[in-house]
Trainee: 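Sending over a structure as structure tokens; questions will come in a sec.
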Amino acid sequence: MSRLNIELPGLSMKNPIMPASGCFGFGQEYAKLYDLSKLGAIAIKATTVETRFGNPTPRVAETSSGMLNAIGLQNPGLEKVIENELVWLEKYDVPIVANVAGTKTEDYIEVAEKISKSKNVHALELNISCPNVKEGGITFGTNPKVASELTKLVKEVSEVPVYVKLSPNVTDIVEMAVAVEEAGADGLSMINTLLGMRIDLKKRKPILANGAGGLSGPAIKPVAIRMIHQVSQAVSIPIIGMGGITTAEDVIEFFLAGASCVAVGTANFVDPFVCPTIIEDLPRALDELGVDHISELIGGSWK
Amino acid sequence: MSRLNIELPGLSMKNPIMPASGCFGFGQEYAKLYDLSKLGAIAIKATTVETRFGNPTPRVAETSSGMLNAIGLQNPGLEKVIENELVWLEKYDVPIVANVAGTKTEDYIEVAEKISKSKNVHALELNISCPNVKEGGITFGTNPKVASELTKLVKEVSEVPVYVKLSPNVTDIVEMAVAVEEAGADGLSMINTLLGMRIDLKKRKPILANGAGGLSGPAIKPVAIRMIHQVSQAVSIPIIGMGGITTAEDVIEFFLAGASCVAVGTANFVDPFVCPTIIEDLPRALDELGVDHISELIGGSWK
Amino acid sequence: MIVENMEVISQHKIADSVYELVLRGEALVRLCNQGQFLHLKVSEGTDPLLRRPISIAQINKDKGELTVIYRAGGRGTNMLALKQAGEMVSVLGPLGNGFPLNEVEASNTAILIGGGIGVPPLYELSLQLRNMGVQVIHVLGFSSSKDVFYEEKFVQLGETYVTTIDGTYGEKGTVIDVITDKQLNFDVIYSCGPTPMLKAIEATFPEKKGFLSLEERMGCGIGACFACVCHVQNDKTRTEYKKICTDGPVFPIGEVEL
Amino acid sequence: MIVENMEVISQHKIADSVYELVLRGEALVRLCNQGQFLHLKVSEGTDPLLRRPISIAQINKDKGELTVIYRAGGRGTNMLALKQAGEMVSVLGPLGNGFPLNEVEASNTAILIGGGIGVPPLYELSLQLRNMGVQVIHVLGFSSSKDVFYEEKFVQLGETYVTTIDGTYGEKGTVIDVITDKQLNFDVIYSCGPTPMLKAIEATFPEKKGFLSLEERMGCGIGACFACVCHVQNDKTRTEYKKICTDGPVFPIGEVEL
Ligand SMILES: Cc1cc2nc3c(=O)[nH]c(=O)nc-3n(C[C@H](O)[C@H](O)[C@H](O)COP(=O)(O)OP(=O)(O)OC[C@H]3O[C@@H](n4cnc5c(N)ncnc54)[C@H](O)[C@@H]3O)c2cc1C
Ligand SMILES: Cc1cc2nc3c(=O)[nH]c(=O)nc-3n(C[C@H](O)[C@H](O)[C@H](O)COP(=O)(O)OP(=O)(O)OC[C@H]3O[C@@H](n4cnc5c(N)ncnc54)[C@H](O)[C@@H]3O)c2cc1C
Ligand SMILES: Cc1cc2nc3c(=O)[nH]c(=O)nc-3n(C[C@H](O)[C@H](O)[C@H](O)COP(=O)(O)O)c2cc1C
Ligand SMILES: Cc1cc2nc3c(=O)[nH]c(=O)nc-3n(C[C@H](O)[C@H](O)[C@H](O)COP(=O)(O)O)c2cc1C
Ligand code: FES
Ligand code: FES
């Protein structure tokens, strides 16, 4: 009897662990290392209508217990993602969460409509919070009205449930969450990266060619926990929690804060086997806390 | 000939290093370890009108490369700070930056007016951003209009220049900075702590008795650098930079981002000698970059 | 109080998850007293960031060595447990005020009550009291047989009772059970252990002179950050406080709220 | 590609800030080829967070040992330099595609051009080429005499020229200067070093067959994060790319934009 399975809108997960969008490509690299069917789900890399090369390099910089990235949504474009990547992923018994990105509202709608028709795409993750796209991506994520309208439009065209991925770079995360819930979001995904920068002392300019970038990794975990703790008490839709998860204990901390499943991002770069390792380790962590099923922990810090 | 001295409104500093408010008490403990006159300035602990015990314990929790605190503005109150702490500090040749806190506008005004009359207080740091006070402290720091009004009122009563300490927990830090600059602030101080939380897995509740707390230390440095980089290009008043500074190299990174001097907080807990150590180490770091005077570096990443 | 890089001389596991670590340095050892604590940095980098407060278990001024005993459980102490002889550890200390010796006379009997990982600081205290000619009784409480350590060492210094909650070793029950069951007589109490134990001691022996060593999560360890404050007993204003790191960790019974 | 905890067998400083580190393990060594790299975790905790990409300098499959040579400069490599024999290092590897051996024949002459800390991967390459009977010429460029390492080792394998920019050792000037001055003849180029050097090689010998090993800041090292991409030469669309970690780090001259 499983102690780890989780049922969420669109997502029937063997266990609550999925790799986070942008940290797992489309799975091909990790498939060489382990069986992707072990995962609870896979959040694939952000997909845009057109092929994108993304930002110039350097695109990553290290920070204390974290990293900055400014990949800039590099991806092969909607058509190739559907025809190559998603079809290739069909051989695994794992639901796919398609991360939808764009610069204009119409982009989001086009990607959402088409990608949600793919057989193995069980949910969309609406990326309104990517800090690395200049033309407007960021305003979707910081303005509740704009976010709410986009959510509504995407919900109209999507054939699968829609999770909205929130940006932590806001004064009032609860306001954002409530706005997209009211607009019909089936779930939330949080948090995306914090906006940060590092400067090269010798060159006297930012290390990232793009200037600023998104801060991820263990450094941001306390911000993620705080936001999920706040938001989960204010909404009734489930939350995919993320931000710095590295261990089974981290997963439990996110559940207690109010997450119903989690995504693991940066940790995949440090240890490419981290997702299966956490999945295998979770029963031990549950035993230590005397918990039968992980779902008992959801919101446990405030319930 | 000094390579480190910095002249700012109210502050004539031998070097650009001051301990950050709340991380150095009123100096008594560190005075046992080294001569406080070595410091560029000292930002003393937040002072409120009345004596405060602060929050229940636990008040600190560790995070990856950072820490959370919810001290809750414990301090002996305005009168005792002026009569005991500030008088005691007079024996050192070092300008004091008085950190002013409160819950209501009148509190701020009373503290600002009286404390700014103390002989060795050369500047105020208006703490509108402390995340650990419930009654309203936080709204001062997240609403540009409210912050701007408070700044105006405090400027009217203060006998010394006023630096406004900004909260990073906002969508648009530039908007806040510009608002207080327009209201007459002589300088900015940034960043205060990010709002975060950690949860005790066994007890199933936040580690901090207060629930959430302020995240400080190296983990937040990239956020501080990014915000100072943005704000310094938008305002013409100087910035006291802080957030995770531990080494002379960190100081230089803050200068390149746009700070004109810096404050060192959490690092004092890890190494109580960190301020004099950084001061002694700065000339070596300047040599390695071929820089004569540290002021040449201000804003160097965008100038 | 100074910061010194001290060398690991030895590290041994002496009970379940409990390690005895011997450190050698130049200057710091000479400043240390019974009941004071050290603030240890367990790694080079910024993770874990904060130092870990650990009591001094034994001071050897001649050799320039300090012994500490700690339970490896969290991130920091687990990393400390990996240190091998020859590696260096940054130590800030000595911190706080230790157990006072001037409150007891050669003719007195002192009872040293330790609970679990609160036992270590009592060892150097016992050595000092014995040096002064004070009679010492040790009551050491543990959860279970696997947790017991240093019994023989304490036996060499005086009467020693070991208790375990589950009865798998020594007497079954709490330290208080043993003291009342055996009707132990003493003039002064010294104790270190979990707060419930300290509260029970205070409640059971309200008239006795005694000193309790407290714990709290710490930032600086030197009195600057106000992380470790506690209320003072019978303070109507609720604004008085003591800092455990500098006013303590040892307080007279009845002084602060437990 | 696997993750293995490898034991530090030895660590020596062999030039200014340059260290030679020998690691031993079970399985990883057997998978390695010349020109591939490893992703090393230099500490237990989350700081520094990311692994460090370091080329394989020598592979000893019999002993199960790998040698890497690196310059300690930043946080991570400085911490790596503190590792002593007996300590463990987590290694992810082998990564990338190494220098191809099937592009050269026994009768050929290969020139191996290394710049600074780009020299190490050429050592295993040279060993392999020699095994195949290929004639090898080494041109090793450094900044100054204090930076020179492994000259004798290369001398044992073939004709070796050392150059320093400041002329304090060997020939004065760049590697290109030496190659043109001495009118060296060769069939194929293998090179690793700073980008300006690689560009100069590409510009100076446009008609030669050759292979260049590139560097870029990396996240995952396994092709998943898209941190390390570069443009492809003559790509009008500007959307084609190669990942240095998996498509490289070695590319044929002319394939990618430097
Ligand atoms: C004055 C004093 C003396 C002590 N002496 C000893 C001793 O001799 N032997 C021993 O085993 N333990 C002792 N402790 C407790 C010891 O400090 C903690 O067990 C240790 O800090 C936990 O660190 P960690 O890395 O295992 O846990 P983590 O969970 O990684 O710790 C996270 C943070 O919480 C703090 N923390 C967690 N638990 C405690 C605690 N119980 N008390 C204080 N801070 C805590 C840590 O210091 C760190 O800042 C003492 C504590 C104090 C205050
Ligand atoms: C495929 C490959 C092979 C390499 N082989 C070697 C080798 O054999 N010997 C050697 O000395 N160096 C080699 N390097 C360079 C080496 O990776 C960097 O010098 C090292 O990562 C710097 O780390 P640090 O801790 O000193 O610096 P930090 O400043 O602490 O590094 C911060 C971050 O930036 C990255 N970074 C900094 N400089 C570089 C760089 N030049 N290249 C890539 N990433 C960098 C680090 O990996 C880290 O993520 C190689 C790089 C690559 C990509
Ligand atoms: C290199 C990198 C690329 C990312 N790309 C995306 C992306 O394409 N879409 C998205 O919604 N989030 C993206 N993210 C954010 C992550 O999905 C995740 O929200 C964030 O990194 C926090 O989790 P972590 O700390 O576990 O990495 C990316 C993060 C990183 C580090
Ligand atoms: C324990 C603690 C107490 C603090 N108290 C105050 C305070 O009283 N007033 C204030 O303006 N900032 C306070 N701060 C914030 C610091 O001054 C500083 O802005 C922040 O910690 C970031 O710097 P750091 O990362 O170097 O610590 C406090 C920080 C800490 C860690
Ligand atoms: S730990 Fe900072 S005051 Fe006690
Ligand atoms: S380093 Fe991640 S794709 Fe190359």
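In what follows, chains are A, B, ... by sequence order, proteins preceding strands, each numbered from 1.
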Trainee: Looking only at heavy atoms, what is the nearest atom pair of A:D200 and B:L256, with distance?
Mentor: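 Shortest heavy-atom separation between A:D200 and B:L256 comes out as O-CD1, 4.3 Å.
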Trainee: Compute whether any side-chain donor of one residue and acceptor of the other, for B:S65 and A:S64, lie under 3.5 angstrom apart.
Mentor: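 Judged by distance alone, the side chains do not pair up.
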Trainee: So, for B:E253 and A:M197, which heavy atoms are closest and what is the spacing to 0.1 Å?
Mentor: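 Closest pair (atom of B:E253, atom of A:M197, distance): OE2-O, 4.3 Å.
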Trainee: With chain A as the partner, which of B:G196, B:P168, B:G66, B:A257 has the greatest number of non-hydrogen pairs under 4.5 Å?
Mentor: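 Highest number of pairs under 4.5 Å: B:G196.
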Trainee: Of all of B:K202, B:H229, B:K205, which one pairs up most often with chain A through heavy atoms under 4.5 Å apart?
Mentor: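 Ranked by contacts with chain A, first place is B:H229.
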Trainee: To the nearest 0.5 Å, what is the distance between CG (B:L195) and CE (A:M227)?
Mentor: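 It is 8.0 Å, given to the nearest 0.5 Å.
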Trainee: Stepwise, does the side-chain contact (heavy atoms from CB on, under 4.5 Å) test hold for A:R198 with B:K221?
Mentor: CA-CA 8 Å; A:R198 285 217 48 198; B:K221 201 184 77 175; 4.3 Å; yes
Trainee: Find the distance between CG (B:L68) and CZ (A:R226) and round it off to the nearest 0.5 Å.
Mentor: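 B:L68 CG to A:R226 CZ: 10.5 Å, rounded to 0.5 Å.
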Trainee: Minimum heavy-atom separation for B:P206 and A:S301, please, with both atom names.
Mentor: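 So the two residues come closest at CD-O, 4.3 Å.
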Trainee: Please classify the contact of A:I199 with chain B as side chain, backbone, both or neither, using a heavy-atom distance under 4.5 Å.
Mentor: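 Contact with chain B is through both the backbone and side chain of A:I199.
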Trainee: Using only atom types and a distance under 3.5 Å, with no angle test, would you say the side chain of B:R204 pairs donor to acceptor with the backbone of A:G300?
Mentor: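 No; zero donor-acceptor contacts below 3.5 Å.
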Trainee: Working to the nearest 0.5 angstrom, can you tell me the gap between A:L215 CG and B:I220 CD1?
Mentor: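 Output value for this atom pair is 10.5 Å.
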Trainee: Give the intermediate values and the outcome of side-chain contact (heavy atoms from CB on, under 4.5 Å) for residues B:E249 and A:L201.
Mentor: CA-CA 8 Å; B:E249 273 72 20; A:L201 304 190; 3.6 Å; yes
Trainee: Against chain B, work out which of A:P218, A:G244, A:A224 has the most heavy-atom pairs shorter than 4.5 Å and name it.
Mentor: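 Of the candidates given, the most pairs with chain B belong to A:P218.
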